[in-house]
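Indexing begins at 1, ligand by ligand and atom by atom, following the structure's order.
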Amino acid sequence: MQINSFEEYQETYQKSINQPEEFWAGIASNFLWKKKWDHVLSWNFTTPDIKWFEGAKLNITENCLDRHLAENGDTPAIVWEPNDPEKESITLTYRVLHEQVCRFANVLKKNGVQKGDRVCIYMPMVPELAVAVLACARIGAVHSVVFGGFSAKSIADRINDAACKVVVTADGAFRGNKQIQLKEVIDDALIGCPTIEKVIVLTHTRTPVSMLKGRDCWWEDEIKLVDSNCPAEEMDAEDMLFILYTSGSTGKPKGVVHTCGGYMVYAGYTFSNVFNYQPGEVYFCTADIGWITGHSYIVYGPLSQGATTLMFEGIPTYPNASRFWDIVEKHQVNILYTAPTAIRSLMGFGSAPVQGKDLSSLRVLGSVGEPINEEAWHWFDEEIGKKNCPIVDTWWQTETGGIMISPIAFVTPTKPSFATLPLPGIQPILVDEQGKEIEGNGVNGNLCIRFPWPGMLRTTYGDHERCRLTYFSTYENLYFTGDGCLRDKDGYYRITGRVDDVINVSGHRIGTAEVENAINMHAGVIESAVVGYPHEVKGQGIFAFVIYPGLSKDEELTRKDILQTVTRIIGAIAKPDKILFVSGLPKTRSGKIMRRILRKVAEGDTSNLGDISTLLDPAVVQEIIGKSRQL
Ligand code: 7RM
């Protein structure tokens, strides 16, 4: 299944385009199926309706666990590195992980979870998080993991949207020198969640928590009451595997739905190829399992390939900026997959934290989540890879399930800040605003995909029309990514960033509309407009223009109140970096905010604002420019 030369890539790519069904059937035969498919693919991008491996039966956990037991039962599946470097790390072999998953699957059953039920998981980065995810998959329950940084309200919205029956959480989480009271946040969330029947709580920080009789129980007590035998539920290839919420340009986050068969094949195939994973190697992805990168490239991709996946509970700068490099040295990490924001933040500490660290185990480096600038690319290449490790700049999305455009390590010649070429089976196309294809090289356009791939989303939970509208209605017969893209003279792809109202802050997708709604909920705020602006470390920062009449002398306090409101409504990750109080927003006569102007102001580049003659009141622009200079 691994591609070993550029010629082989080119041949494989051609085949995957000319005979996609034969190609993917061949890849899929490397996995374990209880029954093979009747039909490889049926699809249309209008409804949309996409089915891969119809008629096939499988359980993804048999691919991630059971099938490795006979020969690799004692191979480490998960290596866990705690937040506190003084604490012991933990290794779970495939045999031990299998046992824990089966046990916890029985706990879920005992608490009333059945095939098809939705389970919300809100946990720190501990091995039990992976166990909970896999336990759901074992019994055919649908997991909905919510990142530990989201607020009670965000969790409640997600739980209610999916009508979850059970929550799995922990008392608290350690993050650097902070503690997060997870159970307390869940308690607040559950005030408004009538569908939740049971809450299973893992002991981790051992912070005092309230335990509600009849609803809440301890993980540690529950697993004593069950045995470790849990046959894997037989799933249809197109049965739902999980829901993961992600932000778009409008309204509330959408529940992106992935299904069992296609997702498994795609996550496993791309993991094996892009990183050129070799048996016995230690692979470290620094993402959180609360995001798609953690789902596909900490849990399902690596485990489906029998890999050793390292899970890190903490943050790159705790206890100091050497932490990643200490982990690489300690666990002899061979493959390191991280985000440009982490690279830029560590780059800011210079080379001292890297000096004296033995990074010679590293073989492949990866980047994901946002465009990587050339400076960060070179720093990663020189300081970390010692110019001896290929960098795979992997472009993909929650909706794509796995990596789409990326170099294949040791195969594709790389170019700084380019995601390079599409993986086999992926057919990118650039279009103009009207949806007309932009052919040839040395061109820019909106990035779409014109043919299905096994890992693509199938729907958005509970609202198929929203899926159609968001991804399949902008351009006829194409999946629209929301990204702008350049194809250079060599046919290499460079992702230039979102072309919609989504901002990418430290690799996290945040909808401007969501942040505006949160700001507008603050008492005293009349209206607001949010845009992204270039930020040295985060990639993009959040800039909010806020109308707040009757602002007292103490602007600073009101700013903090607004930040607190956003933290309450969405979570700390959505806090604006800058707030500018204004008396009006630049609106057209039809009432649309001209974000183009606000973006320019936020960038600090007001020399050429373009045509502002259609504005209702051009004077507000002068006011905004004047005030922005004082910020
Ligand atoms: C995996 C993930 C998706 C958005 C996507 C892009 C941006 C991701 C890259 C990138 C440039 C990359 N899923 N993005 N990877 N931009 N180069 N290598 O991040 O759903 O959370 O975000 O992230 O804008 O549309 S996501």
Query raised in the report: Heavy atoms only: which of E399, M404, R494, E370 is nearest to atom 10 (C) of ligand 1?
Result: E370

Report task. State the atoms of ligand 1, each with its element, that fall below the 4.0 Å cut-off from a heavy-atom position in I292. Result -> 1 (C), 13 (N)

Query - I495 neighbourhood, listing ligand 1 atoms whose heavy-atom distance to it stays under 4.0 Å - result: 11 (C), 16 (N)

Query raised in the report: Considering only heavy atoms of N504, which atoms of ligand 1 have at least one such atom less than 4.0 Å away?
Result: 7 (C), 23 (O)

**Report entry** Any N or O of T246 closer than 3.5 Å to N or O of ligand 1
**Finding:** no

Requested in this report: Return a yes/no value for S367: is any of its N or O atoms, backbone included, closer than 3.5 angstrom to an N or O of ligand 1?
Outcome: no

Requested in this report: Applying side chain to side chain contact (heavy atoms under 4.5 Å, CB included), run through I573 and F150 and close with a yes or a no.
Outcome: CA-CA 8 Å; I573 55 169; F150 280 114; 3.9 Å; yes

Query raised in the report: Counting heavy atoms not belonging to Q278, are there more than 12 under 6.0 Å from its CD?
Result: yes

Query raised in the report: Looking at W395 versus Y493, is the centre-to-centre ring distance below 6.0 Å?
Result: no

Query raised in the report: What atoms of ligand 1 come within less than 4.0 Å of a heavy atom belonging to D393?
Result: 12 (C), 17 (N), 18 (N)

Query - Protein contact to atom 20 (O) of ligand 1 [nearest heavy atom, distance to 0.1 Å] - result: T398 OG1, 2.6 Å

Query raised in the report: Does F271 have its ring centroid less than 6.0 Å away from the ring centroid of Y283?
Result: yes

Query raised in the report: Say you draw a straight line from CG of D288 to CD of E313; how long is it, rounded to the nearest 0.5 Å?
Result: 10.5 Å

Query raised in the report: Can you tell me if CZ on R175 sees more than 12 non-hydrogen neighbours from other groups inside 6.0 Å?
Result: no

Query - Under 4.0 Å to a heavy atom of T394 - the qualifying atoms of ligand 1, by number - result: 9 (C), 12 (C), 15 (N), 18 (N)

**Report entry** Pair F451 + W43: ring centers closer than 6.0 Å
**Finding:** yes

Query raised in the report: Against heavy atoms of V368, which atoms of ligand 1 measure under 4.0 Å?
Result: 1 (C)

Query raised in the report: Quick check, are the ring centers of F6 and Y9 under 6.0 angstrom apart?
Result: yes

Query - Subset of ligand 1 atoms that lie under 4.0 Å from at least one heavy atom of T293 - result: 1 (C)

Query - Close-contact set for ligand 1 against D483 heavy atoms, below 4.0 Å - result: 5 (C), 6 (C), 24 (O), 25 (O)

Query raised in the report: Can an N or O of Q397 be found at a distance shorter than 3.5 Å from an N or O of ligand 1?
Result: yes

Query raised in the report: Under 3.5 Å, is there a donor-acceptor pair between the T460 and Y471 side chains?
Result: no

Report summary line: for atom 11 (C) of ligand 1, nearest protein heavy atom and its distance come out as P371 N, 3.1 Å

Query raised in the report: Which bit of I372 gets closer than 4.0 Å to ligand 1, counting heavy atoms only: side chain, backbone, both or neither?
Result: neither

Query raised in the report: To which protein heavy atom is atom 1 (C) of ligand 1 closest, and what is the distance rounded to 0.1 Å?
Result: W396 CE2, 3.4 Å

Requested in this report: Assign the ring pair W396 / Y297 to parallel, tilted or perpendicular, where the plane angle (0 to 90°) is split at 30° and 60°.
Outcome: perpendicular

Report task. Output yes when the distance from some N or O of ligand 1 to some N or O of G369 is under 3.5 Å, and no in every other case. Result -> yes

Report task. Determine the sole option in I542, V530, V505 for which the side-chain contact (heavy atoms from CB on, under 4.5 Å) test with P576 is passed. Result -> I542

Report task. Please check if atom CD in Q2 has more than 12 non-hydrogen atoms from other residues, nucleotides or ligands closer than 6.0 Å. Result -> yes

**Report entry** For atom 22 (O) of ligand 1, closest protein heavy-atom neighbour
**Finding:** R509 CD, 3.2 Å

Requested in this report: Please confirm whether R498 comes within less than 3.5 Å of ligand 1 when only nitrogen or oxygen atoms on both sides are compared.
Outcome: yes

